[in-house]
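For reference, the structure is listed below as C-alpha cells.
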Amino acid sequence: MPSKTSAFASMSATSPLGPHSIERRDPGASDVQIEILYCGVCHSDLHTARAEWPDVFFPVVPGHEIVGRVTKVGREVTLFKAGDLAAVGCMVDSCRGCRSCESGREQYCEKEIRFTYNSPDPHFPGLMTYGGYSKSIVVDERFVLRIPGKSELSAVAPLLCAGITMYSPLKHWGAGRGKKVGIVGLGGLGHMGVKISHALGAHTVMFTTTPSKGEDARRLGADEVVISKDENAMAKHAGSFDFILNTVAAPHHLDAYVDLLRADATLSLVGVPATQHPSITVTKLISKRRAIAGSMIGGIQETQEMLDFCAARGIVSDVEVIPIQKINEAYERMLRSDVRYRFVIDMASLGN
Ligand code: NAP
Ligand code: ZN
C-alpha cells in the first residue's frame, strides 16, 4: 500500500513552490525507506521547478541532495537496516546492464537513467519521480549511499550532488600535485570544487565574478583568486592551466577560459544554463590541441568513494540551513549569487 507523504512542489513554471501531498511506494524486497532529515538546494532544482530546461512535467518535487535515517528495509536488503543513516543523490535507478552501468558510470546509462526527480516512475505509471523536498523516499539499495564519519548531517547533504559533480571530473582529468587547476564560479558546486581540488593537492585558482567572495575562496582552499571580469588579471594566467572546471549557471564567453589552457589541457563544463553559451573560436582549440568537455555527476560507487574521501579529510559543505517555507526566497538569493555556499532545508520544518 503506497503511503501519503508531505512535500513541497512547484505546480507550474511560474508559480512559487508550496505544500503538496505525494505518494511513496511501500518498500519492495530490495528497497530502503528513508525519513529525510536534510535536503540541499541545487541550482538544478531551480532550473527544473521553473521549466528552464526541456521536458519538465508538473508537479515537480525537487531535491537530490538527500540525507536521512532508514525507517524500513525490504527482505533482500543487506547493506542497510532501520536506524542507519543513509543518503540519496541525483539518480534512483538505471538500466544496470549497458556498458556504462556495468563499468560503474550509471550517470551515462545508455538506455534508461532514472533521476531522483522529474523522471518517469515505473512504480506509479503516468507519474514522475519526486525528490527530496519531502518527508520520506523509497529507493533501491543499489542507489543508496552510506554516510561515513560523524560530520554534521546538514553539511554532508550537498556532497550528494555538488560534491560528486566536482570530484568526478577532478579525478577523471587528473587534478593533483603538480597540476594547476581552475574552478569557475563560487557557488554550491564551485565551493566544493575548491575544497576537493585543494585536498587532491592541486594548485587551485578560483575564478569569481564577485570580488567580495575572494577572502572566502582562500579560506576554502584556493591558492589564488582571479576576478574573471578583470581582463588584465585573466591575461596573467594565459596558457598556464592543466584543467579548468566551469560551474557557471548562466551563458558566458568560454574563449576567455580556453585562452588560459596549456597545450593538451581541458576545459570541462558542468553548468547547464537555460540558453546556450556564445560560440567558441575553434582556432584557439586547434592551435594547442585544447579540449572542451562536459561532465555529469558521478557513478554510485564513485559517489561512495567521494563520501569516504571527504569524511577522512573532514570535508563538508558550507551551508545555510533554512526551513522549507523559505525556499522561494532562497531561489531568488541563489540567482543573485547570494548563497554562502549552499542552502540546505531542515526537513523537520515541513511538518506532517
Ligand atoms: P550556484 O550555487 O547558483 O552557483 C553558480 C555560480 O556561478 C554563482 O555563485 C556565481 O559565482 C557564478 N555565476 C552566476 N551567474 C553568473 C554569470 N552570469 N556570469 C558568471 N558567473 C556567474 O549554482 P550551482 O548549484 O553551483 O549549479 C551551477 C550549475 O551547475 C547549474 O547550471 C546547475 O544546474 C549545474 N549542475 C550541473 C551538474 C552536472 O552534473 N553537470 C550537477 C549539479 C548542478 P560567482 O559569484 O563566484 O561568480
Ligand atoms: Zn544538483
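No hydrogens, no waters, no symmetry mates; every other heavy atom, side chains included, goes into these values. For ligands, and for the atoms within them, numbers begin at 1 and follow the listed sequence.
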Between ligand 1 and V272, is the shortest N or O to N or O distance under 3.5 Å? yes

Say whether F207, considering both its backbone and side-chain N or O atoms, lies within less than 3.5 Å of an N or O atom on ligand 1. no

Go through it in stages, so that I can follow the logic: the residues are V70 and E35, the test is side-chain contact (heavy atoms from CB on, under 4.5 Å), and I'd like the CA-CA distance, side-chain angles, deciding distance and then a yes or no. CA-CA 6 Å; V70 176; E35 179 198 6; over 6 Å; no

Heavy-atom donor-acceptor pair, T116 side chain to G89 backbone, under 3.5 Å: yes

Only residue of R219, K213, R218 satisfying salt bridge (Lys or Arg N to Asp or Glu O under 4.0 Å) with D216 is R219

Logged contact type for A249 with ligand 1, heavy-atom cut-off 4.0 Å, is both

Just say parallel, tilted or perpendicular for the rings of H20 and Y130, cut-offs at 30° and 60°. perpendicular

For atom 39 (C) of ligand 1, closest protein heavy-atom neighbour: T165 CG2, 3.5 Å

Here the pair of heavy atoms bringing F343 nearest to I322 is CD2-CG2, 3.9 Å

Using a 4.5 Å cut-off on heavy atoms from C-beta on, say whether the side chain of D223 contacts that of M206. no

At what distance is the nearest protein heavy atom to atom 46 (O) of ligand 1, and which residue and atom is it? T210 OG1, 2.5 Å

Confirm or rule out an N/O/S atom of C90, from backbone or side chain, lying less than 2.8 Å from the Zn ion (ligand 2). no

For residues V77 and V32, determine if any side-chain heavy atom of one lies less than 4.5 Å from a side-chain heavy atom of the other. yes

Looking at ligand 1, does K213 have a heavy atom less than 4.0 Å from it? yes

Considering both backbone and side-chain atoms of G190, is one of its nitrogen or oxygen atoms within less than 3.5 Å of a nitrogen or oxygen in ligand 1? no

Note the single closest protein heavy atom to atom 4 (O) of ligand 1, along with its residue, its atom name and the distance in Å. G187 CA, 3.3 Å

Which heavy atom of the protein is the closest neighbour of atom 26 (O) of ligand 1, given with residue, atom name and distance? L189 N, 2.8 Å

Under 2.8 Å from the Zn ion (ligand 2), can any N, O or S atom of H43 be found? no

Flag if over 12 foreign heavy atoms under 6.0 Å of CZ, R289: no

Taking 4.0 angstrom as the limit and counting only heavy atoms of V270, give me the atoms of ligand 1 inside it, by number and element. 30 (O), 35 (C), 36 (N), 37 (C), 38 (C), 39 (C), 41 (N)

Quickly, which of K326, R342, R333 forms a salt bridge (Lys or Arg N to Asp or Glu O under 4.0 Å) with E320? Name it, please. R333

For R342, take its heavy atoms, then give the atoms of ligand 1 lying under 4.0 Å from any of them. 24 (P), 25 (O)

Atoms of ligand 1, numbered as shown, that sit under 4.0 Å from any heavy atom of I297: 39 (C), 40 (O)

Is T247 touching ligand 1 with its side chain, its backbone, both, or neither, if touching means heavy atoms under 4.0 Å apart? backbone

Indicate, as side chain, backbone, both or neither, the part of H252 found under 4.0 angstrom from ligand 1 when only non-hydrogen atoms are considered. neither

Counting each atom of ligand 1 from 1 as listed, which ones have a heavy atom of M334 under 4.0 Å away? 3 (O)

Per-atom contacts, ligand 1 versus T208 - under 4.0 Å to a heavy atom: 45 (P), 46 (O), 47 (O), 48 (O)

Judged on heavy-atom distance to atom 30 (O) of ligand 1, which of G271, S228, A162 sits nearest? G271

Return the closest protein heavy atom for atom 22 (C) of ligand 1 as residue, atom name and distance. V248 CG1, 3.4 Å

Looking only at protein heavy atoms, which one is nearest to atom 10 (C) of ligand 1, and what is the separation? S337 OG, 3.4 Å

Would you say NE2 of H198 has more than 12 non-hydrogen atoms from neighbouring residues, nucleotides or ligands within 6.0 angstrom? no

Just checking, any donor-acceptor pair under 3.5 angstrom between side chains of H191 and S317? yes

Atom 3 (O) of ligand 1 has as its nearest protein heavy atom H43 ND1, 2.7 Å

Taking the six-membered ring for Trp and the full ring for Phe, Tyr or His, determine whether the centres of H64 and Y117 are under 6.0 Å apart. yes

Could you tell me whether S44 and ligand 1 have an N or O pair separated by under 3.5 Å? yes

Tell me which part of W53 gets within contact of ligand 1: side chain, backbone, both or neither, using heavy atoms under 4.0 Å. side chain

Please give me the minimum heavy-atom distance between F58 and A49, naming the atom from each residue. CE2-O, 3.4 Å

Going by distance only, is there an N or O of C161 that falls short of 3.5 Å from an N or O of ligand 1? no

Please write down residue, atom name and distance for the protein heavy atom closest to atom 2 (O) of ligand 1. G188 N, 2.9 Å

ang(NE2 H64, the Zn ion (ligand 2), SG C161) rounded to 10° is 110°

Are H277 and H253 an aromatic pair by the rule of ring centers under 6.0 Å? no

Looking at T209, which atoms of ligand 1 are within less than 4.0 Å of one of its heavy atoms? 20 (C), 21 (N), 45 (P), 46 (O), 47 (O), 48 (O)

With respect to P273, determine whether any N or O atom, backbone or side chain, lies less than 3.5 Å from an N or O atom of ligand 1. no

Note: R114-D93 ion pair, threshold 4.0 Å (strictly below): yes

Side-chain contact test, heavy atoms from C-beta onward, threshold under 4.5 Å: evaluate it for K288 versus L261 and give yes or no. no

Within-4.5 Å side-chain heavy-atom neighbours: L17 and P62: yes

Side chain or backbone of S295 under 4.0 Å from ligand 1, or both, or neither, by non-hydrogen atoms? backbone

E141 side chain to L79 backbone, donor-acceptor under 3.5 Å: yes

Any N/O pair A250/ligand 1 closer than 3.5 Å: no

Check each heavy atom of H47 against ligand 1 and say whether those closer than 4.0 Å belong to the side chain, the backbone, both or neither. side chain

Nearest-option assignment for atom 11 (O) of ligand 1, heavy atoms, candidates N246, V225, L186: L186

Is the CD atom of Q276 crowded by more than 12 outside heavy atoms at less than 6.0 Å? no

